[in-house]
Number of protein chains: 2
Amino acid sequence: MNRTTQTKRTTIYDLAELAGTSASAVSAVLNGNWKKRRISARLAEKITKLAEEQGYALNMQASVLRRDRSKIIGMIVPKYDNRYFGSIVEQFETLARERGLFPIITCTRRDPALELEAARAMLSYQVDCLIATGATDPDRVMALCAAAGVRTINLDLPGARAPSVISDNYGGALELTRRVLANCEKEYGQKTPLLFVGGRGTDHNTLERVRGFRDAHAEAGVAIDETLVLTCGYAPEKAENAMKQLAEQTSDLPRGMFVNSTISLEGVMRWIRRSGRYADRVPQLGCFDWDPFVAMLGDHIEMVRQDVPKMLEAVFDIIESGATGPTVVQIPPIVENTG
Amino acid sequence: MNRTTQTKRTTIYDLAELAGTSASAVSAVLNGNWKKRRISARLAEKITKLAEEQGYALNMQASVLRRDRSKIIGMIVPKYDNRYFGSIVEQFETLARERGLFPIITCTRRDPALELEAARAMLSYQVDCLIATGATDPDRVMALCAAAGVRTINLDLPGARAPSVISDNYGGALELTRRVLANCEKEYGQKTPLLFVGGRGTDHNTLERVRGFRDAHAEAGVAIDETLVLTCGYAPEKAENAMKQLAEQTSDLPRGMFVNSTISLEGVMRWIRRSGRYADRVPQLGCFDWDPFVAMLGDHIEMVRQDVPKMLEAVFDIIESGATGPTVVQIPPIVENTG
DNA sequence: CACGTGTGCTCAATCGATGAAGCAAGAATT
DNA sequence: AATTCTTGCTTCATCGATTGAGCACACGTG
């Protein structure tokens, strides 16, 4: 027993032989519906004990192959490099497991081709449902899954043909912009337009945030400076480059900024430090997304934190309700208190 | 075709019928060894085209059930709330996919019971290999897998009975402590013992780091203050509490500290800000782990960044070499330049 | 005592893919 | 012309779990 690499794992047939009964009785006992199948408590106990002793583990591949539902639930996620997606994944796993589902997650690195490839892989593994988080092209993912009869739910970024759960990007951006404008006025006594940096000009969230950004300016009676709306992408390097180019074109840099994610903020902060252009007076910042260390960077930064627990509850509510229409659930984000 | 929820997915049997051939020919063509099975290029092409048209997707459950190796590779990971584990997971997925393996990952939240449960689930899904990252009890995970004939590799924290890939914790801590001691001397002109905070007194990494911490003190001729070695756990709250308790016992707080992870640093920084006890002069900090925003917190923080790409390459080297002995591969971490 | 009812199980088909074994027809060799 | 070889397939058992159908026996009932 010690040195033998027991190539064969224990199966229900092995247990059946040991118990002097049939495989179907073993199966019924081990998957819990032995009462429905009229197996005696005596036999059930015997089999359970044997399974324990033999270290029996169900072969999910065989089980899933036979059943109609796999109870596997997939998620694709863009990155693991920030707290937002990190907590989405962690919550997702927890909630899935609580419901007896097995979660599988793939990181698609904001690459549309990888998104489709990952979706295809998940279909091969017979997922019952796929959550497309922050997908670049949610509708193509949805189409792929629909062809296989698998439901999709969009998270973070909405799609046109499946239910979506997203943050209230407009509302969050409106409030965040208001605060940064107020901070600018308080600190510098002037009402000047802010910079918007990060995100993609094509994605729904960025568009909505820009809309909130604009409306907050209008509300405050400040005219937008169109050259200050830089939807350059999310990556730190892209934000850093955008700042650099802007700085080359003007000597009068904005006194406040709206940064469209912590990951973009990383680039922005790097540029600020390296360039020294804000050495005299720090810019007032607003960041759409939360990070504990960003909160410690100073009292000149406001943050909006997306409500991940509520968002994921909404996702599982949709799964349980069985809804498939293109509804959009908007979850209000939390505006963090400074300090 | 439009409105019908095509319950049945296309199988090789459907394709066989459409192509007027046998399922085994279809199988051979689609899994690429049709040459070995002497299928004509003509038929191969026909089948491939048909599969494309029909949107055929392999049923992995069936395929894995039949094959000896599943090509599924599992990983358990403690948390997604920091850059270190985030990049481990992202790299792991990439390297696994490059090798034609399907990665499945589970977050076990530093909970030994969850670790075992997750390992059991992965065994049910027939993983060929399991990577136990930062496992609280790697040897029990290993035992469980060994009973099923599945190899394990430990990552980040070593185990006694399977190969392990870890950082050179001693070396990293030695260098980090040296730097913080030097910074303290430069800033405050005094050689005083540092505080060590975070981590578990029972885990290998923490023990090794404390050893490096001690040796760096000895080297500098500074006596360790044993009341300043606080291996209180990793969670931010635990670090915060440890600081609080320490502060209640002394009026003379250490001028420098070694913080044993970014996540512990979060609690330490929170306490520093809230208590105001360091308002007059900031403590010199060293953090064993890297975070971009921590780097921006000021020039009084040194960081050690674990070399995730090298660590994962080492993991896959071990997988490919087939080694199973209890070797420990130590990867030197990178000491980040301040500024 | 014939008949229904309930209990406790077993049998065998099935899920979809895989691959060893084998078969038929044509090509090459003796 | 008889034989081997080669090519290009097909047949069928198999992986392990699930489940509808069915069998044998005990018990109760009119």
Side-chain angles (χ1 to χ4, degrees), chain A residues 6-47 51 54-72 102 123-126 128 148-149, chain B residues 6-47 51 54-72 102 123-126 128 148-149:
Chain A
Q6 54 181 113
T7 311
K8 289 283 150 239
R9 330 255 271 234
T10 312
T11 71
I12 51 170
Y13 297 93
D14 302 330
L15 294 179
E17 196 164 351
L18 285 169
T21 180
S22 73
S24 88
V26 175
S27 172
V29 169
L30 295 180
N31 67 30
N33 58 6
W34 52 279
K35 293 210 166 158
K36 274 156 255 164
R37 305 216 64 195
R38 297 189 312 221
I39 306 290
S40 66
R42 220 177 69 75
L43 181 58
E45 205 169 331
K46 183 175 177 189
I47 288 172
Q54 300 293 314
Y56 170 80
L58 175 66
N59 182 327
M60 274 294 172
Q61 311 308 344
S63 178
V64 166
L65 175 60
R66 190 65 234 285
R67 284 172 350 210
D68 46 345
R69 291 189 47 223
S70 70
K71 301 196 169 190
I72 301 176
F102 187 79
L123 291 177
S124 272
Y125 282 95
Q126 311 299 108
D128 284 337
Chain B
Q6 56 181 110
T7 311
K8 290 281 150 242
R9 329 257 268 238
T10 313
T11 70
I12 52 169
Y13 297 93
D14 303 330
L15 294 181
E17 196 164 350
L18 285 169
T21 181
S22 72
S24 95
V26 174
S27 171
V29 168
L30 295 180
N31 68 29
N33 56 9
W34 51 279
K35 293 210 166 158
K36 274 156 255 166
R37 313 252 346 250
R38 296 190 312 221
I39 307 290
S40 65
R42 222 176 68 74
L43 181 57
E45 205 169 330
K46 183 177 178 184
I47 288 172
Q54 301 292 315
Y56 169 81
L58 176 66
N59 182 326
M60 275 294 175
Q61 313 306 345
S63 178
V64 167
L65 175 59
R66 192 63 233 287
R67 285 174 347 212
D68 46 344
R69 290 189 48 222
S70 69
K71 300 198 168 190
I72 301 177
F102 187 78
L123 291 177
S124 271
Y125 282 95
Q126 312 298 111
D128 283 336

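Labels below follow one simple rule: chain letters A, B, ... track the order of the sequence lines, proteins then strands, and each chain is numbered from 1. On a predicted model such as this, the values are computed, not experimentally measured, just so you know.
One can find a donor-acceptor pair under 3.5 Å joining the base of C:dC11 and the side-chain atoms of A:Ser24. At a cut-off of 3.5 angstrom, counting only N and O atoms as typed in the model, there is a donor on one side and an acceptor on the other between the side-chain of A:Arg66 and the base of C:dT14. Between the side chain of B:Arg9 and the base of C:dG16, no donor-acceptor pair of N or O atoms lies under 3.5 Å.
Between the NZ atom of B:Lys71 and the P atom of C:dA17 there is a distance of 17 Å, given to the nearest Å. For the pair A:Gln126 CD and D:dA17 C1', the interatomic distance rounds to 15 Å; values are reported in whole Å. In this structure, the CG atom of B:Asn33 is 15 Å from the C1' atom of D:dC9, given to the nearest Å. Atom CG in A:Asp68 sits roughly 13 Å away from atom P in C:dC15 (whole-Å rounding). Protein atom CZ of B:Arg69 is 17 Å distant from nucleotide atom C1' of C:dA17, rounded to whole Å. For the pair B:Leu65 CG and C:dG16 C1', the interatomic distance rounds to 9 Å; values are reported in whole Å. For the pair A:Asp14 CG and D:dA17 P, the computed distance is 9 Å after rounding to whole Å. In this structure, CD of A:Gln61 is placed 12 Å from P of D:dG16, rounded to the nearest angstrom.
Nearer the 5' end of DNA chain C, as judged by each residue's closest nucleotide, is the contact made by B:Asn59, out of B:Arg38 and B:Asn59. For A:Arg37 and A:Tyr13, each mapped to the nucleotide of DNA chain C holding its nearest heavy atom, the one lying further toward the 5' end belongs to A:Arg37. Toward the 5′ end of DNA chain D lies the nearest nucleotide of B:Ile39, the other residue of the pair B:Ile39 and B:Ala62 mapping further downstream.
For B:Arg67 (side chain) and B:Arg69 (main-chain N/O), a donor-acceptor pair under 3.5 Å exists by modelled atom type. Looking only at distances, a side-chain donor or acceptor of B:Ser124 sits under 3.5 Å from a matching main-chain atom of A:Leu58. No side-chain donor-acceptor contact under 3.5 Å links A:Arg9 to the backbone of A:Asn59. Formation of a donor-acceptor pair under 3.5 Å by the B:Gln61 side chain with backbone atoms of A:Ala62 is not found in this model.
Checking D:dC9, D:dT18, C:dA17 against the side-chain heavy atoms of B:Leu43 singles out D:dC9 as nearest.
Residue B:Leu58 is in sugar-phosphate contact alone, with no base atom involved, counting any heavy-atom pair closer than 4.0 Å across all strands shown.
Residue A:Ser63 places none of its side-chain N or O atoms closer than 4.0 Å to OP1 or OP2 of D:dA17. For B:Ser40 and D:dT7, the shortest distance from a side-chain N or O to OP1 or OP2 is not below 4.0 Å. Residue A:Ser22 places at least one side-chain N or O under 4.0 Å from the OP1 or OP2 atom of C:dT10. The phosphate of C:dT10 (OP1 or OP2) has a side-chain N or O of A:Thr21 nearer than 4.0 angstrom. For the pair B:Tyr56 and C:dA17, the criterion of a side-chain N or O lying under 4.0 Å from OP1 or OP2 is met.
Considering CZ of A:Arg37 and CG of A:Asn31, their distance stands at 9.0 Å, rounded to 0.5 Å.
Shortest non-hydrogen contact noted between A:Tyr56 and A:Ile12 is OH-CG2, 3.6 Å.
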